[in-house]
K.L.:
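For reference, the structure I am asking about is given below.
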Amino acid sequence: MNYYLRNLFLAIVLLISANTMAQDKSDWQNGVPEGCTTVTVGKLATIDGSVITSHTDDSHRTRAWMDVTPSMKHKKGSKFALYERSAYDSLAMPTYQHKKIGEIDQVEKTYQFFNTAYPCINEKQLAIGESTFGGREELFSKECLIDCQRLQQLMLERCTTARQAIQLADELLMKYGWRDYGECLTIADKKEVWHFEVVGPGKGKVGAVWVAQRVPDNHISVNANASTIKEINLKDKEHFMASKNIYSVAKENGWWKEGEVFKWNYAYAPKSRLSLASRRREWRVLSMAAPSLKLDANDKDYPFSVQPDEKITMDELVEIFKDYYEGTPYNFVKNIKQADKDGKEVLSPFANPFMPYDMNRLFRVNGGWGELGERTIARWYTMYATIIQCRDWLPDEVGGIVWLAQDNVATSIYIPVYAGTTDLAESYKVKARRTGYTRKSAWWAFNRLGTLTAQRWGDMRHDVDTVFVPLQKQYFEEQAAIDKEVAKMSKKKRKEFLTNRSIQMGKEVVEKAWEIGDGLWTKYDEKF
């Protein structure tokens with residue numbers, strides 16, 4: 001009996017150890033990532049020639065604060081710390097803790113970068129979006145050291161182009177290993193944008209398996225928590241790159257045989273292609289850009305990228321990210337109806353696509369995501385969102401623009417944070433999830449507004465749009481004049497001007513968010 005108990009105890013300890021050493025999945029739903037959406041656009045597909053990447057940080061845990069990390073010179077022998085992320089529930093709200101697990105050599109000089117939860121742009125107009133797709137469980141290895149957030153930081157600190165960033169990833173991951181599940185990084189520079197998809201090397205191993213495909217200059221593409229890279233042609237170096245082990249690992253594990261057509265996504269992340277939560281978003285983004293294709297909302301596979309019917313504008317990208325399938329059969333609250341004053345059946349003003357999951361059960365809502373409804377593009381648990389323009393005809397400081405929104409983009413507004421911006425409004429730097437609700441936080445201003453608006457969505461959203469839609473249009477239209485004005489300045493003056501503008505606009509929209517929210521409390525008293 002003692003021998004049995006001792007072995008049982010050892011088995012339990014090993015199981016707990018294995019689980020605690022695996023990358024955290026507390027942000028996943030129904031066993032799959034429900035995280036982020038990223039849309040990319042080539043320079044010939046945008047109205048002004050911008051190269052675009054983007055990101056919605058859809059999460060129940062990632063940090064709400066952000067700042068700018070300056071360029072630095074490092075002493076010889078300096079190290080870059082590597083961390084493992086895990087759920088942490090001992091503060092005011094659910095968040096993550098980051099435990100140091102190793103370090104690598106630091107380089108002599110690092111570039112300035114915008115330090116969002118997933119670092120997104122550096123001073124040289126290298127920009128990154130992100131979307132988790134999971135991949136095969138058995139590929140995760142606790143022997144590896146570099147996770148997604150740290151890889152993005154390393155790319156931005158050390159690289160100036162997308163190709164250089166991908167090459168750096170290959171060098172670092174082969175040496176130190178990919179300690180994460182399947183991720184797609186959408187990496188843009190002033191000339192082109194690539195989708196870089198990466199998975200682990202397998203349990204007990206150090207390394208990674210990866211592939212990268214370039215979005216054609218006249219195309220738009222999307223990643224929505226599912227692998228989208230299929231057939232590859234490594235002879236076409238203008239559009240494809242991959243790790244040296246891309247075929248061998250698939251062959252060794254029986255996921256592909258010689259003579260068969262090799263499809264990356266079915267070899268390394270087949271379950272991700274089963275997710276309607278992902279495929280529906282892919283369909284919606286591509287269909288909004290190219291309705292002439294008449295894509296089927298229930299297809300299993302869509303093209304990696306498509307040519308839009310018309311060149312993409314910033315206004316159109318904002319609409320794509322605000323979308324929740326309204327006007328389609330997949331608006332999963334379309335049956336929450338009531339009679340109007342004339343007795344006609346209409347959609348209830350209380351029907352909203354941003355209900356917590358418990359409310360879906362209350363209203364017996366169902367959809368492509370089962371009892372979770374539909375996984376729309378706009379989400380109530382978005383922490384922040386970016387649409388990033390990289391523009392090669394302007395100085396880097398103003399050429400790179402992170403259009404930044406807080407919380408649910410359906411009730412938010414994007415402000416410009418430039419590649420040359422060196423600071424943000426103080427409210428953006430408040431560690432709001434750690435401390436709980438506070439009027440000092442930009443994130444809480446928009447979180448409160450989004451949550452409040454959802455309570456009577458059919459009416460309140462129009463009050464928000466009345467303020468934010470014209471203001472957003474104004475911000476976009478003003479940028480052309482800013483470009484001309486700043487291009488004439490010295491580099492130092494340019495940074496000062498752009499930093500002041502980012503701070504000023506940050507203050508302005510946060511004040512507006514509080515003001516609109518206060519107005520809703522008054523206008524709709526006793527109506528929600």
Side-chain angles (χ1 to χ4, degrees), residues 53 55 62-63 65-85 96 98-130 145-173 175-176 179 185 187-190 384 386 388 390 395-402 404 416-426 428-431 489-503 506:
T53 187
H55 176 217
T62 54
R63 60 179 167 91
W65 63 270
M66 52 196 64
D67 60 17
V68 178
T69 299
S71 59
M72 297 183 189
K73 290 184 179 180
H74 302 276
K75 294 180 180 178
K76 189 175 181 179
S78 295
K79 300 294 181 179
F80 179 95
L82 299 168
Y83 298 87
E84 178 184 66
R85 186 185 71 198
Y96 285 116
H98 297 263
K99 177 184 176 183
K100 185 176 177 181
I101 56 173
E103 55 187 23
I104 63 175
D105 291 336
Q106 183 58 281
V107 294
E108 183 179 346
K109 184 180 185 301
T110 52
Y111 296 116
Q112 172 184 298
F113 68 94
F114 187 17
N115 183 26
T116 41
Y118 289 82
C120 63
I121 196 171
N122 72 8
E123 62 184 283
K124 299 296 183 180
Q125 296 196 60
L126 177 64
I128 308 176
E130 176 272 342
L145 291 176
I146 301 177
D147 72 352
C148 183
Q149 290 164 304
R150 256 54 66 167
L151 181 61
Q152 289 186 222
Q153 180 176 339
L154 287 163
M155 286 175 166
L156 295 176
E157 284 188 336
R158 301 182 180 195
C159 302
T160 60
T161 69
R163 290 174 188 260
Q164 189 181 22
I166 292 168
Q167 290 164 1
L168 175 71
D170 183 55
E171 294 168 11
L172 293 177
L173 296 182
K175 185 174 182 179
Y176 301 105
R179 193 191 183 90
L185 304 187
I187 310 169
D189 58 31
K190 294 177 280 188
Y384 67 91
T386 62
I388 307 177
C390 302
D396 288 334
E397 294 81 19
V398 69
I401 309 179
V402 179
L404 172 70
V417 178
Y418 302 91
T421 294
T422 59
D423 200 3
L424 302 173
E426 287 301 314
Y428 285 77
K429 296 183 280 187
V430 174
K431 297 182 177 180
M489 299 178 181
S490 67
K491 189 172 183 177
K492 182 180 178 181
K493 289 288 185 182
R494 199 178 290 146
K495 286 187 174 183
E496 290 176 358
F497 179 91
L498 295 172
T499 299
N500 289 335
R501 181 168 172 79
S502 293
I503 290 173

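For clarity, every value in this text was computed on a predicted model and none was experimentally measured.
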K.L.:
Just jot down the side-chain hydrogen bond (donor to acceptor under 3.5 Å, both in side chains) partners of Glu123, sequence neighbours excluded, or say none.
P.N.:
none
K.L.:
Provide the closest heavy-atom pair for Thr499 versus Gly420 in the form atom of the first, atom of the second, distance.
P.N.:
OG1-O, 3.8 Å
K.L.:
Can you tell me how far the CD1 atom of Ile401 sits from the OG1 atom of Thr386, to the nearest 0.5 Å?
P.N.:
13.0 Å
K.L.:
If the test is side chain to side chain contact (heavy atoms under 4.5 Å, CB included), which one of Thr53, Val417, Ile388 qualifies with Cys120?
P.N.:
Ile388
K.L.:
In this structure, are over 12 heavy atoms from other groups packed under 6.0 Å from Lys109 atom NZ?
P.N.:
yes
K.L.:
Looking at every heavy atom in both Cys390 and Ala127, which two are closest together, and how far apart are they?
P.N.:
SG-CB, 3.9 Å
K.L.:
For the atom pair CG (Asp105) and NE2 (His74), what is the distance rounded to the nearest 0.5 Å?
P.N.:
12.5 Å
K.L.:
Are Phe114 and Leu404 packed together at the side-chain level, in the sense that at least one heavy-atom pair is separated by less than 4.5 angstrom?
P.N.:
yes
K.L.:
Under the rule for side-chain contact (heavy atoms from CB on, under 4.5 Å), what residues qualify as partners of Lys75, not counting sequence neighbours?
P.N.:
Ser78
K.L.:
What is the minimum heavy-atom distance between Tyr111 and Asn122, and which atoms define it?
P.N.:
CD1-ND2, 4.1 Å
K.L.:
Would you check if Glu157 and Phe113 make a side-chain contact, meaning some heavy-atom pair closer than 4.5 Å?
P.N.:
yes
K.L.:
When Glu84 is tested against each of Arg179, Lys100, Lys99 for side chain to side chain donor-acceptor pair (under 3.5 Å), which residue passes?
P.N.:
Arg179
K.L.:
Is the shortest side-chain heavy-atom distance between Thr160 and Asp189 below 4.5 Å?
P.N.:
no
K.L.:
For a 4.5 angstrom cut-off between non-hydrogen side-chain atoms, does Met72 reach Gln106?
P.N.:
no
K.L.:
Looking only at non-hydrogen atoms, find the nearest pair between Tyr418 and Ser502 and report the distance.
P.N.:
CD1-OG, 3.5 Å
K.L.:
Please evaluate residues Gln164 and Leu126 with respect to the criterion side chain to side chain contact (heavy atoms under 4.5 Å, CB included), reporting the C-alpha separation (whole Å), side-chain torsions for both, the decisive distance (0.1 Å), and the verdict.
P.N.:
CA-CA 10 Å; Gln164 189 181 22; Leu126 177 64; over 6 Å; no
K.L.:
Glu397 and side chain to side chain donor-acceptor pair (under 3.5 Å): which partner among Lys493, Lys492, Arg494, Lys495?
P.N.:
Arg494
K.L.:
I need the single residue from Arg150, Arg85, Gln149 that forms a side chain to side chain donor-acceptor pair (under 3.5 Å) with His98. Which is it?
P.N.:
Arg150
K.L.:
Is there a side-chain contact between Glu130 and Leu185, using heavy atoms and a 4.5 Å cut-off?
P.N.:
yes
K.L.:
Who pairs with Gln152 by side-chain hydrogen bond (donor to acceptor under 3.5 Å, both in side chains), at least two apart in sequence or on another chain?
P.N.:
none
K.L.:
Mind checking the OH-CD spacing from Tyr83 to Glu103? Nearest 0.5 Å is all I need.
P.N.:
9.5 Å
K.L.:
Sequence neighbours left out, what passes side-chain hydrogen bond (donor to acceptor under 3.5 Å, both in side chains) with Lys491? Give chain and number order.
P.N.:
none
K.L.:
Between Lys175 and Ile104, is any pair of side-chain heavy atoms under 4.5 Å apart?
P.N.:
no
K.L.:
Donor-acceptor pair, distance only, cut-off 3.5 Å: does the side chain of Asp423 make one with the backbone of Ile503?
P.N.:
no
K.L.:
I need the minimum non-hydrogen distance between Ile128 and Pro119, along with the two atoms involved.
P.N.:
CB-O, 4.2 Å
K.L.:
Would you compute the distance between atom CG of Leu172 and atom CG of Leu154 and round it to the nearest 0.5 angstrom?
P.N.:
6.0 Å
K.L.:
Atom OG1 in Thr110, atom CD in Gln153: separation rounded to 0.5 Å?
P.N.:
8.5 Å
K.L.:
Could you pull out the closest heavy-atom pair between Tyr384 and Tyr118, with the gap in Å?
P.N.:
OH-N, 3.0 Å
K.L.:
Just jot down the side-chain hydrogen bond (donor to acceptor under 3.5 Å, both in side chains) partners of Asp396, sequence neighbours excluded, or say none.
P.N.:
Gln125, Lys190
K.L.:
Excluding sequence neighbours, so at least two apart, what forms side-chain contact (heavy atoms from CB on, under 4.5 Å) with Asp67?
P.N.:
Trp65, Thr69, Asn115, Lys429
K.L.:
Any side-chain heavy atom of Thr422 sitting closer than 4.5 Å to one from Pro70?
P.N.:
no
K.L.:
About how many Å separate CG of Leu424 and CE of Met66, when rounded to the nearest 0.5 Å?
P.N.:
7.5 Å
